[in-house]
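Data first, discussion second: the structure below is written as structure tokens.
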Amino acid sequence: MRVSNLFGKTLKEIPAEADSISHQLLVRAGMIQQIAAGIYSYFPLGWLVLKKIEQIIREEMDTAGGQELMLPAIQPFELWEKSGRYPSFGKALFTTIDRKEHKLVFGPTHEEVITDVVRRHVQSYRDLPLLLYQIQDKFRDEPRPRGGLLRVREFIMKDLYSFHANAESLDKTYQKMIQAYKNVFARCGLPSVMVEADSGAIGGKESHEFMLIAETGEDEVIYCSTCDYAANVEKACIAKTKIEIKPQLPIEEISTPNIKTISDVAGFVSVSTSQTLKAVFYSADGELVFAVIRGDLNINEVKLKNLLKATELRLATETEVKAAGLVAGSASPVGLQGMKIVADNSITIGSNFVVGANKPDMHLKNVNYPRDFNVDIIADIATARPGDICTKCNGELLAQQGIEVGHIFKLGIFLSERLGASFLDQDGISRPIIMGCYGIGVGRLLAAAVEQNHDEKGIIWPLAIAPYQIYLCALNMDNPDVAEAAERLYHDLGNANLEVLFDDREESAGVKFNDADLVGIPLRLTISPRTLKNQSVEIKWRREKQSELLPLQQELTDKIKELVSKHRKG
RNA sequence: CGGGGUGUAGCGCAGUGGCUAGCGCGCAUGGUUUGGGACCAUGAGGUCGGUGGUUCAAAUCCACUCACCCCGACCA
């Protein structure tokens, strides 16, 4: 492709709307353009990258036994009523009504449709297992799209759905997909980490996410400094520090004027925060819930939400708290009635706690569970933090920001049961099909690649997903010798099946070099009167500072081809 | 949905009631340049987000409204 013909212009200035690095660079490089909040067009350079990522994904899915198909973007709302997932998607589910007043959904994902497809075609265990995938546009009416391509409403996603006669078969495929995902990210040249994950609205039991580590990531990854444990903070478990259990002392009421926070209370009574209990109030689908946890820990709202099987969980408002007769800052599970109490299991690790007294400016000392209060549910609802202890090996946990680019789930049978997808087993008994699903956000992966690979000049594409492998930069195109040598090289490189973006514009060297750096093509070749004087071309990798001269001769294209393939392997 | 912000040329911005709405980038034409975003000259390009109001007079003041961005809520 010649730059003089390429659709899409580079920009010198940072677009006002773009905040994240990847958004700024992708717009400045002329790769994407926003048309509405969270809705983008892909221009040729951006689309080329996307197609390369898609191709790598396709090859890995095919290798893993997947078959690609295409599913409708618009789906009947009834499918979502049947699956029962309508409430958990809530307003993100984008619906419309056709001329016959029939309610339709723009697919936010395709489990419902694919299950319906499979339901009609699978009758026997002999038809299983089955791995079907699609790469296409989906739409979620996100409350707040942000960060350019990092969180959009219309997005391209690869989803593979697997169908099984038994759990072993699902396990086998799940492992295969883990390997396929690792291959995909490795082949893209993007280091990834796999972490244990919460399965969220999608449902299901076991679930893992694939993250690209980047400072700007929205997700927090907790990982162990010594073993291989890694989990999304939403899911991560910690070994709660043991505290010596002392003989239980009688409860004592103490005056604590104007003392509300845990650290103030602990300081006032001269105990560590781990000898206090913290109370937090939530509204779970409208019901007030009293959550209690040891004072040195924080509540993990995702764990709490899952535990309560709540669709909506938020902190209770001040008004709601007052109306329930609770005293913020001095609340206590002791003597509390008329509301659900959920406790973190840390309240059993410790003794003689300091808690609120349910009276203003008063606290209680020496409170012990279960001697002094009862709870409705006791479970792990604590948030992991860096510095906490790993449950697997007692190592120290650390945290990093990551961008979620893939998520895989063992769905089980809840969808196939609800949608009536069953098969006859060897004994002629009808059973629900066991399912798994495996997604990759293709556009987000592209953006995450930029977040991970850039410098102050622009993007630095990994070779495997770069829109072109080579940026051929001809300086002084009005010089016939330059023009001729550049045209010949462009032609030869093309014949050697190298992907070349040929900057044939009559622009100054600075403009061309800056554009080359901005667009981020891995290898730059420069031809100019200066290089021709030496019968050579200049060659420079985008990631490196140094350039070198290669002699302009017959073997040049072979030499470049070799460099490119060596770079790809290295 | 709550809080904050921004809408003026393709892009980035200036313009707080008064003449024909400006500047930079980009674009067009001509010329001089030519290894890290060159220079000179000339030129094209505007429903000032929209609607309604106040006024002799509105990009500018008021009301409503729409869009976009940021923080939070939310989020495979």
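Computation of the quantities below employed the complete heavy-atom set of this structure, encompassing side-chain atoms and omitting hydrogens, waters and symmetry-equivalent molecules. Labels below follow one simple rule: chain letters A, B, ... track the order of the sequence lines, proteins then strands, and each chain is numbered from 1. All figures in this text were calculated on a predicted structure; none of them were measured in a lab.
Whole-Å rounding puts the A/Asp455 CG to B/G36 P distance at 18 Å. The NZ atom of A/Lys9 sits 16 Å away from the C1' atom of B/G12 (whole-angstrom rounding). Atom CG in A/Asp478 sits roughly 14 Å away from atom C1' in B/G31 (whole-Å rounding). In this structure, the CE atom of A/Met157 is 16 Å from the P atom of B/C75, given to the nearest Å. The distance between atom CG of A/Asn534 and atom C1' of B/G35, rounded to the nearest whole Å, is 13 Å. When rounded to the nearest whole Å, the span between CG of A/Leu315 and C1' of B/C74 equals 13 Å. Whole-Å rounding puts the A/Lys540 NZ to B/G36 C1' distance at 11 Å.
The residue A/Asp515 sits close to a base: some heavy atom pair falls under 4.0 Å. Contact annotation for A/Ala92: no contact, since no heavy-atom pair falls under 4.0 Å across all strands. Residue A/Asp159 is in base contact, counting any heavy-atom pair closer than 4.0 Å across all strands shown. Using a 4.0 Å heavy-atom distance criterion, A/Ile408 is classed as making no nucleic acid contact. A/Arg153 comes within 4.0 angstrom of nothing in the nucleic acid, heavy atoms only. Among the atoms of the strands shown, none is found under 4.0 Å from any heavy atom of A/Ile527. Using a 4.0 Å heavy-atom cutoff across all strands shown, A/Gly147 reaches sugar-phosphate atoms only and no base atom. Looking at heavy-atom distances under 4.0 Å, A/Thr531 makes contact with a base.
Across all strands shown, B/G26 has no partner, as no Watson-Crick or G-U wobble contact with both distances under 3.5 Å is found. Across all strands shown, B/A67 is found opposite B/U6 as a Watson-Crick or G-U wobble partner, with both distances under 3.5 Å. Summarising the base pairing, B/G72 is matched to B/C1 through a Watson-Crick or G-U wobble pair whose two defining distances lie under 3.5 Å. B/C48 makes up no base pair with any nucleotide shown, lacking Watson-Crick or G-U wobble contacts both under 3.5 Å. Base pairing analysis places B/A14 opposite nothing; no Watson-Crick or G-U wobble pair with both distances below 3.5 Å involves it. A 3.5 Å limit on both hydrogen-bonding distances identifies no Watson-Crick or G-U partner for B/U20. The pairing partner recorded for B/U55 is none, the criterion being a Watson-Crick or G-U wobble arrangement whose two distances lie under 3.5 angstrom. Nucleotide B/U33 is matched to nothing when pairs are restricted to Watson-Crick or G-U wobble geometry with both distances under 3.5 angstrom.
Both A/Gly510 and A/Gln34 lie close to RNA chain B; mapped to their nearest nucleotides by heavy-atom distance, the more 5′-ward contact belongs to A/Gly510. Judged by closest nucleotide on RNA chain B, A/Lys457 is the one of A/Lys457 and A/Gly439 placed further toward the 5' end.
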N/O contacts under 3.5 Å, protein versus nucleotides 21-24 of chain B?
from  : atom 1 : to      : atom 2 : distance (Å)
B/G24 : N2     : A/Glu13 : OE1    : 3.0

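B/G2 and B/A9: their C1' atoms are spaced 36 Å apart (whole Å). Rounded to whole Å, the P atom of B/U60 lies 11 Å from the corresponding atom of B/G18. Comparing B/U6 with B/A58, their P atoms are spaced 24 Å from each other, to the whole Å. Comparing the P positions of B/A14 and B/G52 gives a spacing of 28 Å, expressed to the nearest Å. The separation of B/C56 from B/U51, taken at their C1' atoms, amounts to 23 Å, rounded to a whole angstrom. Taking the P atom of each, B/G45 and B/A28 are spaced 16 Å apart, rounded to whole Å. Taking the P atoms as reference points, B/G4 lies 28 Å from B/C11, given to the whole Å. The same atom, C1', is picked in B/A63 and in B/G3; the two are 22 Å apart, to the nearest Å.
Enclosure of atom CD in A/Gln67 is not indicated, since only 12 or fewer non-hydrogen atoms of other residues, nucleotides or ligands lie within 6.0 angstrom. Residue-environment remark: NZ (A/Lys235) stays at or below the threshold of 12 foreign heavy atoms within 6.0 Å. More than 12 heavy atoms of other residues, nucleotides or ligands lie within 6.0 Å of CD in A/Gln553, so this atom counts as buried by the packing criterion.
Distance from the side chain of A/Glu17 is smallest to B/C69 among B/U34, B/G37, B/C69. Closest contact between the side chain of A/Arg530 and the listed nucleotides B/C75, B/U34, B/G35 involves B/G35. Side-chain atoms of A/Lys305 lie closest to B/C75 of the nucleotides B/A38, B/C68, B/C75. Here B/C13 is the nucleotide among B/A38, B/C13, B/C25 with the atom lying nearest to any side-chain atom of A/Ala16. Considering only side-chain atoms of A/Arg151, the nucleotide from B/C70, B/C75, B/C68 that sits closest is B/C75. Comparing B/G35, B/C74, B/G37 by their nearest atom to the side chain of A/Arg146 picks out B/C74.
Remark: aromatic rings of A/Tyr438 and A/Tyr181 are distant, center separation not under 6.0 Å. Centroid-to-centroid, the aromatic rings of A/Phe281 and A/Phe290 come within less than 6.0 Å. Taking the centre of each ring, A/Tyr174 and A/His164 stay at or above the 6.0 Å mark.
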Only distances under 3.5 Å count here; give the side-chain donor-acceptor pairs of residues 478-486 of chain A to other protein atoms, sequence neighbours excluded, each with its distance to 0.1 Å.
from     : atom 1 : to       : atom 2 : distance (Å)
A/Asn479 : OD1    : A/Asp481 : N      : 2.8
A/Asn479 : OD1    : A/Val482 : N      : 3.3
A/Glu484 : OE2    : A/Arg488 : NH2    : 2.6

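Residues of residues 209-221 of chain A that place a heavy atom closer than 4.0 Å to RNA chain B do not occur.
If you check the side chains of A/Gln179 and A/Asn183, you find a donor sitting under 3.5 Å from an acceptor. At a cut-off of 3.5 Å, with distance as the only test, a side-chain donor of A/Trp80 or A/Gln75 sits close to an acceptor on the other residue. In this structure, a donor-acceptor pair under 3.5 Å is absent between the side chains of A/Gln33 and A/Ser41. Residues A/Asn298 and A/Lys278 have side chains that bring a donor and an acceptor to within less than 3.5 angstrom of each other.
Remark: A/Lys12 is in phosphate contact with B/G26, judged by side-chain N or O atoms under 4.0 Å from OP1 or OP2. Under 4.0 angstrom from either OP1 or OP2 of B/U34 there lies no side-chain N or O belonging to A/Ser508.
Not a single donor-acceptor contact under 3.5 angstrom links the side-chain atoms of A/Arg144 to the base of B/G2. One donor-acceptor pair, N or O on each side, does fall under 3.5 Å between the base of B/G37 and the side chain of A/Arg28. For B/G36, the base has a donor-acceptor partner in the side chain of A/Asp517 [N/O atoms by modelled type, under 3.5 angstrom]. Residue-to-nucleotide contacts include a donor-acceptor pair under 3.5 Å from the side chain of A/Ser528 to the base of B/G35.
Ring geometry for A/Phe210 against A/Phe185 counts as tilted: the plane angle lies between 30° and 60°, on a 0 to 90° scale.
Under a 3.5 Å cut-off, the side chain of A/Asp504 and the backbone N or O of A/Ser4 do form a donor-acceptor pair. In terms of modelled atom types and a separation under 3.5 Å, the side chain of A/Tyr490 and the main chain of A/Met1 share a donor-acceptor contact.
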